[in-house]
Amino acid sequence: MIFVGIDPGVETGVAIWDSEKQEFKSIKSRNIIEAMADVRLLTVTYRNIKLIIEDARQRTWFGTIKGTKEDRNKAQGVGSVKRDCKIWEEFCEFNKLDYELKHPKTNRTKLKAPDFKKITGWQKQTNEHGRDAAMLVFKR
């Protein structure tokens with residue numbers, strides 16, 4: 001089975017894990033339209049695909065919004081990611097894709113590149129978004 005990890009956001013992390021070979025095929029970040037196009041292409045190439053999407057809507061801890069410009073921007077960013085999660089859910093439903101929405105606290109996130117390489121063995125360049133997506137599907 002091919003598992004596709006999705007970390008929604010302005011930079012959407014996309015990781016493709018081959019469960020039979022126990023290896024990543026790809027780890028990258030894209031905008032939401034490019035990521036969805038990638039997923040559509042995968043459905044043509046592979047029969048057995050499951051998306052694992054980090055669902056920020058399930059997150060309940062955001063700290064306090066004090067009213068500073070930075071705090072308001074952070075709150076707006078959180079709202080944007082929540083909307084992206086809803087769009088991914090609608091995309092999966094519309095395209096009849098197998099998917100699972102994961103609570104952010106169930107995923108190991110924010111790994112630095114050296115730690116990620118040590119844990120996964122993936123030696124190519126990644127960014128935080130790709131690494132977060134990869135940890136959603138690693139060793140499934």
Side-chain angles (χ1 to χ4, degrees):
M1 176 173 274
I2 300 296
F3 289 94
V4 182
I6 302 292
D7 179 43
V10 173
E11 287 188 59
T12 300
V14 180
I16 302 165
W17 175 259
D18 184 328
S19 67
E20 289 178 24
K21 295 181 180 177
Q22 287 291 292
E23 67 183 18
F24 285 110
K25 294 194 160 293
S26 173
I27 301 172
K28 57 189 167 185
S29 65
R30 320 274 276 150
N31 70 43
I32 192 170
I33 300 300
E34 293 167 331
M36 288 178 171
D38 287 351
V39 169
R40 293 286 293 142
L41 272 173
L42 286 170
T43 63
V44 173
T45 307
Y46 300 100
R47 287 194 177 294
N48 216 358
I49 294 177
K50 182 169 186 170
L51 276 68
I52 309 296
I53 304 165
E54 185 178 84
D55 188 359
R57 297 170 297 173
Q58 296 181 36
R59 184 176 178 197
T60 57
W61 68 99
F62 295 106
T64 57
I65 306 300
K66 299 175 195 152
T68 67
K69 184 176 181 179
E70 285 117 7
D71 290 333
R72 286 191 305 273
N73 287 343
K74 185 182 278 188
Q76 186 175 11
V78 168
S80 173
V81 173
K82 286 184 173 188
R83 178 63 186 134
D84 286 354
C85 293
K86 176 70 174 147
I87 291 169
W88 274 104
E89 184 176 21
E90 291 172 357
F91 172 81
C92 290
E93 290 291 329
F94 181 81
N95 289 289
K96 296 177 178 43
L97 299 174
D98 186 11
Y99 71 98
E100 180 181 334
L101 300 170
K102 295 287 284 182
H103 195 296
K105 74 178 179 184
T106 63
N107 191 33
R108 187 169 182 191
T109 61
K110 311 308 177 220
L111 289 172
K112 300 294 183 203
D115 296 328
F116 180 79
K117 287 178 180 182
K118 185 177 178 183
I119 292 166
T120 66
W122 181 264
Q123 298 301 311
K124 296 179 183 177
Q125 186 174 357
T126 58
N127 68 13
E128 181 180 314
H129 308 287
R131 291 190 295 270
D132 285 356
M135 293 309 291
L136 287 164
V137 294
F138 180 56
K139 292 213 174 189
R140 282 196 167 249

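Residues take their numbers from the sequence shown, with the count starting at 1.
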Visitor: Distance from I32 atom CD1 to R83 atom CZ, nearest 0.5 Å?
Guide: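 Those atoms lie 8.5 Å apart.
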Visitor: When rounded to the nearest 0.5 angstrom, what distance separates CE in M135 from CD1 in I119?
Guide: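 M135 atom CE to I119 atom CD1 measures 5.0 Å (nearest 0.5 Å).
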Visitor: Would you indicate whether Q125, at its atom CD, is surrounded by more than 12 heavy atoms from other residues, nucleotides or ligands within a distance under 6.0 Å?
Guide: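 Atom CD in Q125 is not packed in, count stays at 12 or less.
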Visitor: Evaluate whether atom CD of E90 has more than 12 neighbouring non-hydrogen atoms of other residues, nucleotides or ligands under 6.0 angstrom away.
Guide: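 Yes - once you tally the heavy atoms of other residues, nucleotides and ligands closer than 6.0 Å, there are more than 12.
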Visitor: Rounded to the nearest 0.5 Å, how far apart are CE of M1 and CZ of R47?
Guide: 13.0 Å
Visitor: Please report the shortest heavy-atom distance between E89 and Y99, naming the atom on each side.
Guide: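 So the two residues come closest at CG-OH, 3.5 Å.
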Visitor: What do you reckon, are the aromatic ring centroids of W17 and F138 less than 6.0 Å apart?
Guide: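 Centroid separation for W17 and F138: below 6.0 Å.
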Visitor: Dump the intermediate steps for side-chain contact (heavy atoms from CB on, under 4.5 Å) on I27 and F116, then the final yes or no.
Guide: CA-CA 12 Å; I27 301 172; F116 180 79; 3.6 Å; yes
Visitor: Can you name the residues that form a ring pair (Phe, Tyr, Trp, His ring centres under 6.0 Å) with W88, not counting sequence neighbours?
Guide: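 Here the qualifying residues are F91.
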Visitor: Distance from I49 atom CD1 to F3 atom CZ, nearest 0.5 Å?
Guide: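 Here the interatomic distance stands at 11.0 Å.
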Visitor: Does one hydrophobic cluster hold both M36 and V14, with members joined at side-chain heavy-atom distances below 4.5 Å?
Guide: yes
Visitor: Checking the side chain of N95 only, and the main-chain atoms of L97 only, is there a donor and an acceptor separated by less than 3.5 Å?
Guide: no
Visitor: Minimum heavy-atom separation for C85 and A56, please, with both atom names.
Guide: SG-N, 3.3 Å
Visitor: What do you reckon, is CZ of R140 surrounded by more than 12 foreign heavy atoms closer than 6.0 Å?
Guide: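 Yes, because the 6.0 Å sphere around CZ of R140 holds more than 12 heavy atoms from other groups.
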Visitor: Give a yes or no on whether I6 and I33 share a hydrophobic cluster (residues Ile, Leu, Val, Met, Phe, Trp, Tyr; joining criterion: side-chain heavy atoms under 4.5 Å apart).
Guide: yes
Visitor: Can you tell me how far apart CZ (R131) and OG1 (T126) are? Round to the nearest 0.5 Å.
Guide: 4.0 Å
Visitor: Which atom names give the shortest non-hydrogen contact between C92 and L51, and what distance separates them?
Guide: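 Residues C92 and L51, closest heavy atoms: SG-CD2, 3.8 Å.
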Visitor: What are the two closest non-hydrogen atoms of P8 and I53, and how far apart are they?
Guide: CG-CG2, 3.9 Å
Visitor: Kindly indicate, with the supporting measurements, whether the criterion side-chain contact (heavy atoms from CB on, under 4.5 Å) is fulfilled by V4 and I2.
Guide: CA-CA 7 Å; V4 182; I2 300 296; 4.3 Å; yes
Visitor: To the nearest 0.5 angstrom, please state how far the CG atom of D7 sits from the CG atom of N127.
Guide: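 Taking CG in D7 and CG in N127, the distance rounds to 9.0 Å.
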Visitor: Are any side-chain N or O atoms of N107 and backbone N or O atoms of T109, one a donor and one an acceptor, separated by less than 3.5 Å?
Guide: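 No; judged by distance alone, with no hydrogens or angles, the pair does not exist.
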Visitor: Give a yes or no on this: more than 12 heavy atoms of other residues, nucleotides or ligands lie within 6.0 Å of atom NZ of K110.
Guide: yes
